[in-house]
Amino acid sequence: GAGLVAPGDVEEAEARIRENQSERDRILSGGDAALASQPTRLLFAYVHIVRDLRELGRFDEALNELSAAMALGRRIDFGPWHAVLLNDAGEIHARQGRFDEARTAFTESLRLRDRDAERGHHELPYGVVPLEWQLARLALCQGDLKEARRYQSDAERLLEEIPNRVRDIL
């Protein structure tokens with residue numbers, strides 16, 4: 001599948017990938033001490049690599065990076081960001097037409113988001129668009145209108161709550 005980057009932006013995306021790969025490799029080469037002291041920087045490097053690869057249509061490479069990031073996330077605590085990685089995996093699978101894998105990734109991401117909410121973590125890392133919107137879109141692609149409507153309704157309810165959640169966090 002083709003990516004979503006305009007031809008003039010490909011070189012810029014490639015440069016960002018190289019920059020973030022260098023940052024990732026620098027942190028990884030520092031051993032456990034570097035991992036422990038810079039988990040967020042490492043995670044952001046992975047997320048940016050994955051998203052640029054995804055937009056370039058290099059889905060297999062993006063999934064390989066995600067797999068490495070998730071394996072690392074089992075060694076060091078990425079906290080609520082593990083759900084973000086799963087959401088990115090779901091996006092890639094959906095773009096590939098692999099809807100079962102996309103549903104699995106989105107559903108697990110949703111489960112982690114809800115678990116984190118029960119633990120008192122805020123939802124800003126998950127982005128403004130609720131995961132329910134992703135699941136609604138996926139159900140629509142698969143022709144399940146009833147499930148799509150249910151998830152869309154849940155997403156709209158969550159979107160209405162965002163101003164209150166942001167105010168509570170600040």
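Computed from heavy atoms alone, side chains included, the values below leave out hydrogens, waters and symmetry copies.
The minimum heavy-atom distance linking A102 with H93 is given by the pair N-CB, 3.6 Å. Across D52 and A13, no two heavy atoms sit closer than the pair OD2-O, 4.0 Å. Between I92 and A62, the shortest heavy-atom contact is CD1-CB, 3.5 Å. Counting all heavy atoms, side chain and backbone alike, E91 lies closest to F106 at N-CZ, 3.5 Å. Here the shortest heavy-atom pairing between A83 and S109 reads O-OG, 2.7 Å. Minimum heavy-atom separation, Q152 to A136: N-CB, 3.6 Å.
To the nearest 0.5 Å, atom CZ of residue R54 and atom CG of residue D88 are 5.5 Å apart. The distance from the CG atom of N64 to the CD1 atom of I49 is 12.0 Å, given to the nearest 0.5 Å. Taken from CD1 in I27 to CD in Q38, the straight-line distance is 4.5 Å, to the nearest 0.5 Å. Atoms NE2 and CD1, from H48 and I17 in turn, are 12.0 Å apart once rounded to the nearest 0.5 Å.
By the 4.0 Å N-to-carboxylate-O rule, E132 lies too far from R157 to be salt-bridged with it. Comment: R95 engages E55 in a salt bridge, judged by a side-chain N to carboxylate O separation of less than 4.0 angstrom.
Looking at residues two or more places apart in sequence or on another chain, you find no ring-ring contact (aromatic ring centres under 6.0 Å, His included) involving F99. Partners of R26 according to the salt bridge (charged side-chain N to carboxylate O under 4.0 Å, His left out) rule, which considers only residues two or more places apart in sequence or in another chain, are E23. Every residue two or more places apart in sequence or in another chain that forms a salt bridge (charged side-chain N to carboxylate O under 4.0 Å, His left out) with E14 is listed here: R58.
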message: Working note: Y46 + L72, criterion side chain to side chain contact (heavy atoms under 4.5 Å, CB included); need CA distance, chi angles, decisive distance, verdict.
response: CA-CA 11 Å; Y46 271 115; L72 193 58; 3.9 Å; yes
task: Apply the test side-chain hydrogen bond (donor to acceptor under 3.5 Å, both in side chains) to residues Q134 and R137: give CA-CA distance (whole Å), side-chain angles for both, the deciding distance (0.1 Å), then the verdict.
output: CA-CA 5 Å; Q134 303 281 36; R137 189 182 64 165; 3.2 Å; yes
- request: Test side chain to side chain contact (heavy atoms under 4.5 Å, CB included) on L43 and H82 and set out the steps.
  value: CA-CA 9 Å; L43 172 75; H82 190 77; over 6 Å; no
message: Walk me through whether N20 and E65 qualify under side chain to side chain contact (heavy atoms under 4.5 Å, CB included).
response: CA-CA 12 Å; N20 283 298; E65 293 287 347; over 6 Å; no
task: Assess whether side chain to side chain contact (heavy atoms under 4.5 Å, CB included) is satisfied between L135 and D154, documenting all intermediate values.
output: CA-CA 10 Å; L135 287 161; D154 290 347; over 6 Å; no
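Remark: side-chain polar atoms of S22 are paired, donor with acceptor, to backbone N or O of R18 under 3.5 angstrom.
Two residues are said to be in side-chain contact when any heavy atoms from C-beta on lie closer than 4.5 Å; R111 and L86 fail this criterion.
M70 and V47 fall within the same hydrophobic cluster, where Ile, Leu, Val, Met, Phe, Trp and Tyr residues are linked whenever their side-chain heavy atoms come under 4.5 Å apart, directly or through other members.
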